[in-house]
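Just below is one structure, and these are the notes that go with it.
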Amino acid sequence: MQRSLLLKPEKCTGCRQCEMACSFEKERSFNPARSRIRIFDLHSQGRFVPYTCTQCAEAWCLHACPVDAIQLDAGTGAKVVHANLCVGCKVCTIACPFGTVNYNADSGKVDKCDLCGGDPACARSCPTGAITYVDAEQTGYDKMRLWAVKTDTQPHAQA
Amino acid sequence: MGWTGKFLRVDLSAGTVKVEDLNRDWARQYLGQRGLATKYYVAEVDPKVDPLSPANKMIFTTGPLTGTAASTGGRYSVVTKGPLTNCIACSNSGGFFGNELKNAGWDMVIVEGKSPKPVYLSIENETVEIRDASDYWGKSVWETEHGLKALHQDPLLRVASIGAAGERGVLYAGIINDLHRAAGRSGVGAVMGSKNLKAVTVRGTRGVRVKDPERFIAATIAQKQVLADNAVTGQGLPKYGTQVLMNVINEMGAMPTRNFSAVEFEGAHKISGEAMHEPRATDGKANLVTNGACFGCTIACGRISRMDPGHFSIASRPQYRDASGGVEYEAAWAMGSDCGVDDLEACTFANFMCNEHGFDPISFGSTLAAAMELYEMGALTKEQTGGVELKFGSAEALVKMAELVGKGEGFGLELGQGSRRFCAKYGHPELSMTVKGQEFPAYDPRGIQGMGLTYATSNRGACHLRSYTVASEVLGIPFKTDPLVTDGKAALVKAFQDATAAFDASGLCIFTTFAWGLENLAPQLDAACEGEWTPEHLLEVGERIWTIERQFNLAAGMTAQDDTLPKRLLKDAAKTGPAKGLTSGLDKMLPEYYQLRGWTPDGVPTAETLKRLELA
C-alpha cells in the first residue's frame with residue numbers, strides 16, 4: 001500500500017518537533033532551517049499550518065531536472081533528490097508550484113522531502129497527530145467521516 | 001555538545017563585538033542559562049552597581065538543551081541586576097528566540113555599556129553587528145518586530161525587543177520576543193532601554209548537536225511520553241493553560257482579591273480558563289482561538305485569544321481585532337481579581353497592551369490594585385490620576401492605565417515605578433504587596449502557606465516561579481501537603497528552589513516539573529552534554545545557583561530583614577474560606593529554612609556551606 005503524509009492544521013500547535021525530527025534525520029543536528037517540512041504560524045488568525053512536499057504523481061521538479069537527479073522511489077512513491085547527481089542549478093525550485101524544493105547553500109544541492117524511505121520522522125515526532133502517514137488513497141477518510149457523522153439519518157415519522 | 005562552547009561579548013559603549021570560549025569548568029558547576037549566566041554575571045559586575053547605569057551588564061542566555069528535541073527546549077533567560085528590586089534578576093522566556101540564538105552558534109550574549117544612540121544587535125550566524133535603531137525608538141514591540149523582519153527581508157528572523165515602557169524606565173518593563181512571549185519580570189526591559197538597545201535580532205542555521213544522539217533521542221521520546229500521560233501536562237495545561245487554576249485557587253480561598261484585602265473573588269469564574277472557552281453572548285465566539293506551543297514544547301499551554309470586536313476598549317485599536325497572546329493565570333489574576341475586574345475582554349485588552357508595549361502584567365496589575373486601594377481610601381485623587389476614577393472593579397480604569405503605562409508617560413510612568421515606590425510616594429508603604437520591591441503573583445500565602453516562604457526568600461523578589469509549592473500544596477505533585485500548615489514547608493521550599501534552579505539552567509521549561517523530577521531531566525542532559533549528569537549532581541548545581549544568587553543580593557545590600565512579607569499577610573487574617581482566621585506563618589518557617597540551607601540565623605551562608613558547594 002502506498003502511503004502519504006496527511007497534514008491536519010487544526011491539530012497543530014506550532015511546536016516544531018517535526019522540523020527538528022526532519023533536520024535530525026537528514027543532518028544529524030537539530031536545525032529547523034534545514035527541515036523539509038515547515039510550520040507556518042499565522043499568528044493573527046490563531047492558526048498553525050504544517051506544509052511539505054505532496055509527492056506529485058507527475059512531479060514538476062522531476063521533469064524539470066536537467067540531470068535526472070530527482071527520481072521516483074518506487075517503494076514509497078517519493079520523488080527523491082540524488083545528491084551525487086544534483087548540480088544545484090535550482091531549476092526544480094522554480095518548477096515546483098508549491099515551493100517545497102529548496103536550495104541548501106551549505107551543500108550546494110537542493111533538499112526536499114523523501115518520506116524518509118517510508119518511515120517519516122516528522123510523523124513519528126508529532127505530539128498531537130497533526131502529521132500522520134496513512135494510506136495514500138484514503139487521506140480524505142477522516143474528513144469524510146466527520147461529514148458522515150453530521151448526516152441526518154433520523155427516522156422521519158412524517159415523511 | 002549541548003553547549004556550542006562560544007559566546008558573544010558586546011560592548012555598546014565601544015561599539016565592539018568579541019567572541020569568547022565558554023568556561024567549561026563553570027559549565028560543569030552551573031550547567032547553563034540561569035546558572036551559568038549568573039556565574040558570569042556575578043564574577044564580572046559590582047553588586048552595588050546601579051541597575052540602570054552603563055556599568056550594569058545584561059546576559060541573554062540559553063541552556064544546553066535549548067534548541068534540541070527535548071520537550072520545551074526553546075527557553076532563554078535574561079540575567080542582570082533588576083531595577084525593581086536591586087537584586088539579581090533572571091527572566092525566562094519561551095517562544096522561538098532562544099533556539100534561534102543557539103542555532104546561530106551562541107550559548108549566550110553578554111551586553112555591556114551603553115550605546116550613545118539607539119541601536120539593535122543583529123546576529124546572523126557568525127555575522128554580528130550593532131546597527132542603528134533610530135527609526136524604531138519609540139515604536140512598539142509589534143511595530144519593531146514587523147519592521148525589522150521587513151528591513152531584513154526575512155520572515156524567519158527572530159526578534160526580542162522593548163517598547164516605550166522599557167525605553168522610558170517603567171521599572172517592570174519586559175523584553176518581548178515573537179510578539180507575545182516575555183522575559184517579563186523584574187524589569188529586564190528597563191535595563192535594556194537604559195543601554196539604548198532596542199532589539200536583538202537572530203537568524204541561525206548552524207544546527208544544535210548533542211553528545212550521544214541515539215541515546216538522546218530515546219531519552220527525549222520516553223520523557224515526552226511522561227508529559228503526555230500526566231493529567232496536568234497532558235490534559236489540563238493544553239486545554240486551559242495556566243488558567244486551569246483560576247477556579248481551583250478561588251475555591252480554596254487563596255485568591256488574592258482587591259490588593260489582598262480578600263481571599264475569594266466573586267467574579268473569578270468570569271475570567272477563568274473555562275470562561276475563555278465559552279461562546280460570548282455578544283458575537284457567539286469564544287475568547288480562546290487555540291492553544292499554541294513554544295519551540296519544541298509538547299505541552300502547548302499558550303493561549304491565543306481573539307477579543308470581542310464589540311468591546312468598548314477596542315474601538316481605537318483595530319489591530320486588537322486580530323488574534324494574539326491571551327491571558328495566562330497570573331495575568332488574569334493581577335489585572336482581574338486583584339483589581340476586582342471581572343471583564344475577560346478588558347483583561348485580554350490589557351494583556352495585548354503588555355505584549356505590544358513590553359511590560360509585566362503581574363507587576364502592572366498588582367501596582368494598579370494598590371493604586372485603586374489608595375484611591376478608594378482618598379490618598380489618591382482624580383486630579384492625580386489624570387481624571388480617571390481608579391475604583392476596584394473598573395474595567396475602564398484598567399484599560400486606560402494599561403495604555404498610560406505602555407506609553408510610559410505621566411501618571412502611567414508613576415504607576416510604572418511599581419507598587420513599592422508608588423505606595424511610598426502616596427504615603428502608604430504598607431499597602432504595597434511586594435517582597436524586595438517586586439509584586440506578588442496569584443497565590444495568597446494565608447491559604448497556601450508554602451508560598452509565603454517562597455515569596456519571602458525568592459532571590460528576585462516575590463515570585464511563584466522560584467519554588468512553586470502550589471504543585472504540592474494544591475495539586476499533590478510530587479506528593480500532597482496541607483496548604484494550611486507550615487510544618488515541613490521549609491524543606492519543601494528548599495527542595496523546590498534547588499530543583500527549579502537546575503531546570504532553569506537546562507534550557508527547558510519549568511512547567512515540565514508538573515510531570516518530571518530531576519530523574520527525568522538527568523538522562524536527557526547526560527545524553528546531550530559532556531560530563532556526567534545525575535539527579536544528585538543536578539540538585540547540587542541547583543543549590544549552588546541559589547547560593548550565588550543569595551550571595552550577590554547580600555553583597556548588594558540586602559539583609560535577612562528583606563526576607564519578609566507585607567504586614568497585611570502577617571497580621572490580618574483571611575476573613576473567609578478554608579484559611580479563615582489564618583495569617584502567614586512565615587516566622588515559623590523562616591528560621592528552619594535558614595538552618596536547612598546551612599545559613600546563619602541572619603540568612604548568610606556559613607563557611608562550611610560555601611565549602612560544601614565549592615564556593616569557597
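Note that these values count all heavy atoms, side chains included, but never hydrogens, waters or copies made by symmetry. Values in this document were obtained by computation on a predicted structure and should not be read as measured data.
Taking A:S4 as the reference, A:A136, A:T139 meet the side-chain contact (heavy atoms from CB on, under 4.5 Å) condition, with sequence neighbours excluded. Listed by chain and number, the residues in a side-chain contact (heavy atoms from CB on, under 4.5 Å) with B:K6 are B:T4, B:V19, B:D21, B:W106 (sequence neighbours excluded). With sequence neighbours excluded, the residues satisfying side-chain contact (heavy atoms from CB on, under 4.5 Å) with B:Q225 are B:A228, B:D229.
Of all residues in residues 203-212 of chain B, those placing a non-hydrogen atom less than 4.5 angstrom from a non-hydrogen atom of chain A are B:R203, B:G204, B:T205, B:R206, B:G207, B:V208, B:R209, B:V210.
Of the two parts of B:I217, only the side chain, counted from C-beta on, holds a non-hydrogen atom closer than 4.5 Å to a non-hydrogen atom of chain A. No part of A:R124 comes within reach of chain B, as not one of its non-hydrogen atoms sits under 4.5 angstrom from that chain. Residue A:D41: no heavy atom, backbone or side chain, is found under 4.5 Å from chain B.
Annotation: maximal heavy-atom pairing with chain A below 4.5 Å, among B:S305, B:G292, B:A69, B:G67, occurs at B:A69. Listed options B:N99, B:T68, B:T72 were ranked by heavy-atom pairs under 4.5 angstrom with chain A; first place goes to B:T68. Each of B:P238, B:P155, B:A300, B:A293 has some count of heavy-atom pairs under 4.5 Å with chain A, and the biggest count is that of B:A293. Top candidate by heavy-atom pairs under 4.5 Å with chain B, chosen from A:C126, A:A21, A:C18, A:G46, is A:G46. The most heavy-atom pairs under 4.5 Å with chain A, out of B:N103, B:L156, B:L227, come from B:N103. Among A:S29, A:A33, A:G14, the residue with the largest count of heavy-atom pairs under 4.5 Å with chain B is A:S29.
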Run the numbers on B:T233 and B:F511 for side chain to side chain contact (heavy atoms under 4.5 Å, CB included), then give the verdict.
-> CA-CA 8 Å; B:T233 52; B:F511 286 7; 5.7 Å; no

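Ring-centre distance between A:Y51 and A:F40: not below the 6.0 Å cut-off. With ring centers used as reference points, A:F30 lies under 6.0 Å from B:F216.
Here the SG atom belonging to B:C297 is positioned 12.0 Å from the CZ atom belonging to A:R16, to the nearest 0.5 angstrom. Atom CG of residue A:L115 and atom SG of residue A:C53 lie 7.5 Å apart, to the nearest 0.5 angstrom.
A salt bridge links B:R215 with B:D526: at least one charged nitrogen is closer than 4.0 Å to a carboxylate oxygen.
Within 6.0 Å of the CD atom in A:Q138, the count of heavy atoms belonging to other residues, nucleotides or ligands exceeds 12.
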